[in-house]
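Notes to accompany the following structure.
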Amino acid sequence: MPILFKKSKELENKIDNYLDQVVQGGLLFREGVKYYLSEEFETFEERLNRIDALESDADEGRREIENMLYEHTLLPDARGDVLGIIENTDEVLNVTAETLTQFSVEQPGFPEEYHKRILDLSEVSISSLDQLVAAIRAYFRDVSRVRDDINKALFYEKEADKIADSIKRQIFQSETITDFSRKLHLRDCVTNIENISDTAEVVCDRLSIAAIKRSV
Amino acid sequence: MTWFYLLSGLFLGWSLGANDAANIFGTAVATRMVRFRVAALVATFFVILGAVFSGVGTTETLAELGAVNALGGSFTVALAAGLAVTWMTRLRLPVSTTQAIVGAIIGWNLFTDSPTNLASLTEIFSAWVISPLLAGAFSIALYTIAKHTIFRIKLHLVRQDAYNRLALIVIGAFGAYSLGANNIANVVGAFAPANPFQDIILFQSVTFTGTQQLFLVGALAIGVGVYTYSHRVMETVGNDLFKLTPITALIVVLAESLVLFLFASKGLEQWLLRQGLPTIPLVPISSSQAIIGAVLGLAVAKGARGVRYKVLLRVASGWITAPLIAGIVSFIALFFAQNLFEMQVQEPQSADQTTYYRIEERGWSLSCLSPGRIGSRGRPDCIRRQGPGKYGSADAFTDTSALSDNQYVPKTQTGAGNVKRLHTNCRLITKYSSPFYGKNQETVEVTRSVLSLKLTREVYHD
């Protein structure tokens, strides 16, 4: 029985560490976008490297959690839900890393008048991710709070949709951006930032069902 | 031959272990919260403990209902109960071993023209009705307590899971103990009045009574049932009958265990008697029906809609049909056992065997129980203790056979304690010398005078 408690404590720490990494990924993304738009490319690359490293660490952490859950038959009744939530959250982190990588590889040139809106969009998208992580923490410790946190995450997701929609309209109605392929390229980048909150929304849906199952 | 006769009881024990262990560890094992190896070990160990040390209460009730006094009769009664359960299960009729064994004993009473103790029958029937309702009430209370305590402690899900596993084992152990204590009567209750085992004195001081040996054998059969077949039942029933979260599983198992314990605990009965409170009858009840009551209680507590209350009606129908069918099967089986196989299904009775059985349980010698052996001043010369008594009042007396009236003193002189014992004695006398109890009026009268005399002595010296 002491082994069981030791393993439980270890798993608890691993889940907390994993969620910390997801939050850090969001912060790095926010900074990365900011440095990219202000053309501080060296700092931007440094953030990109960190988010890549973080993402591979998080992947490792996720695998360890999965192994522990199965090897020690921990959380037998909620195992499927926990794995689903952890894996889907990993997907959100992957989208953030991929979006920054896209910026680094494709170097999209946003006109200055778009910078504030792009920063707003990344801010709101990452807020959605932050609220998702808060909801996941609540799922583990205080299931009654999950609903509130999910609602906040979904609110930010809708805000992100609105902002992204408005930016896309602005891009396609713009007279300063004449090249259609550039318009498509910028739209693609905006869509990728927006995707962070969309992927978070998918996890939220899964989480809300898992929370109902957990509430006695 | 004795072991052959015990076979039908052992079959009932095996069947109980195979089926009813799932009521305690089903969810835990099916959801992989507890490994089957651990569950089987804990269940077997605690069933044996419960049966050997606390099984006497419910067994006495069955013996009061009908003292099947020949091994051939016990064998046939237990076999009839087993057959009735198997047959009714195949017909998909609601049935429990508890109800079948009661019907089978009544079948023996009818066949041998022995009286059925109506007071015991009423006690047994009321316990069947009350047990699922009580389990439901416990479930509601436990859920409410859990809601205001456990759910407010913000434990991490993983740690909560670890505590749940531990609690499932601890509560499972309590449940197994209660199951052994309550349901051993179903397994070997029919054999108790014709018990083939003799008392064994261990280490010159500890008495391992014949009844306890009988219970041990029955409990071992339950253990074999747990190890050989219950895993499959747990896997099927654990996930199917009630899909519960680990915490609600804990609540349901605890509610069921509490009910089994309440209807089996002699200690609790004695305590209630000492407090002057009404007692809970010690009656074997169906653990499956208790768990159905607990699950329904939980559903009510959670405000769930769409609960199939018809399940209760189905359970209730079993209270009538199961004893009825088992009674008929028992009657027919006894007829064939006696007339075709020339089995002795009944010992000729000179006095009420049940009364003897009860007096012996209190540690008093029966050798004096005939009017001719009553002493000149109304005190039977031979009243003496036979061994360590289970009852406070009996413990208060030393060997009195060689003493005169004046030397006939209780060991303890603490006034308050004796007054309490007095209350206990009054109740015991009222209970065990009631007209329902004894068949032979003469025996009843002698019993009454023996007990009253002890009571008088206690008053005199207090």
Side-chain angles (χ1 to χ4, degrees), chain A residues 1-20 61 64-86 133-149 207 209-216, chain B residues 26-39 42 139-140 142-170 172-173 234-235 238-239 242-252 295 298-299 301-304:
Chain A
M1 201 48 74
I3 294 169
L4 178 66
F5 283 115
K6 196 179 156 200
K7 291 288 168 200
S8 300
K9 184 74 193 155
E10 201 181 323
L11 178 62
E12 203 178 312
N13 288 338
K14 281 192 190 301
I15 292 172
D16 279 341
N17 285 343
Y18 175 79
L19 294 175
D20 288 346
E64 283 176 9
I65 291 168
E66 287 172 0
N67 288 344
M68 276 193 84
L69 280 172
Y70 277 98
E71 274 175 19
H72 303 285
T73 59
L74 299 170
L75 302 179
D77 60 320
R79 193 190 296 156
D81 289 330
V82 170
L83 284 183
I85 291 163
I86 299 281
V133 172
I136 296 172
R137 288 193 203 277
Y139 171 77
F140 284 111
R141 286 185 194 278
D142 180 10
V143 79
S144 63
R145 250 187 45 218
V146 172
R147 193 185 160 96
D148 289 341
D149 289 328
L207 188 61
I209 292 165
I212 292 167
K213 278 161 77 179
R214 250 208 85 191
S215 59
V216 182
Chain B
T27 310
V29 170
T31 56
R32 306 283 182 274
M33 289 290 277
V34 177
R35 284 189 189 146
F36 174 73
R37 263 188 316 176
V38 177
V42 172
S139 217
I140 293 170
L142 289 169
Y143 176 78
T144 313
I145 292 167
K147 204 173 165 185
H148 291 97
T149 52
I150 299 170
F151 304 143
R152 291 198 177 174
I153 305 166
K154 300 191 182 350
L155 272 179
H156 196 281
L157 177 64
V158 181
R159 198 171 307 184
Q160 197 178 306
D161 174 70
Y163 289 141
N164 269 340
R165 283 160 192 260
L166 187 61
L168 278 168
I169 293 172
V170 173
M234 285 177 187
E235 292 289 349
N239 268 331
F242 41 94
K243 184 77 183 160
L244 301 168
T245 64
I247 291 182
T248 50
L250 272 180
I251 290 171
V252 164
V295 172
L298 191 72
K302 289 169 77 173

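Just so we're on the same page: letters track the sequence lines, and every chain starts at 1.
Between the side chain of B/Asp161 and the backbone N or O of A/Leu75, at least one donor-acceptor pair lies under 3.5 Å.
In the displayed structure, A/Arg141 atom CZ is contacted under 6.0 Å by more than 12 heavy atoms of other residues, nucleotides or ligands.
In this structure, the separation between CZ on A/Arg137 and NE2 on B/His156 is 9.0 Å, given to the nearest 0.5 Å. In this structure, CE in B/Met33 is found 9.5 Å from CG in A/Leu74, a value given to the nearest 0.5 Å.
Applying the ring-ring contact (aromatic ring centres under 6.0 Å, His included) rule to A/Tyr139 yields no partners; only residues at least two apart in sequence or on another chain are considered.
Under the 4.5 Å side-chain criterion, counting only non-hydrogen atoms from C-beta, A/Ile15 is not in contact with B/Leu157.
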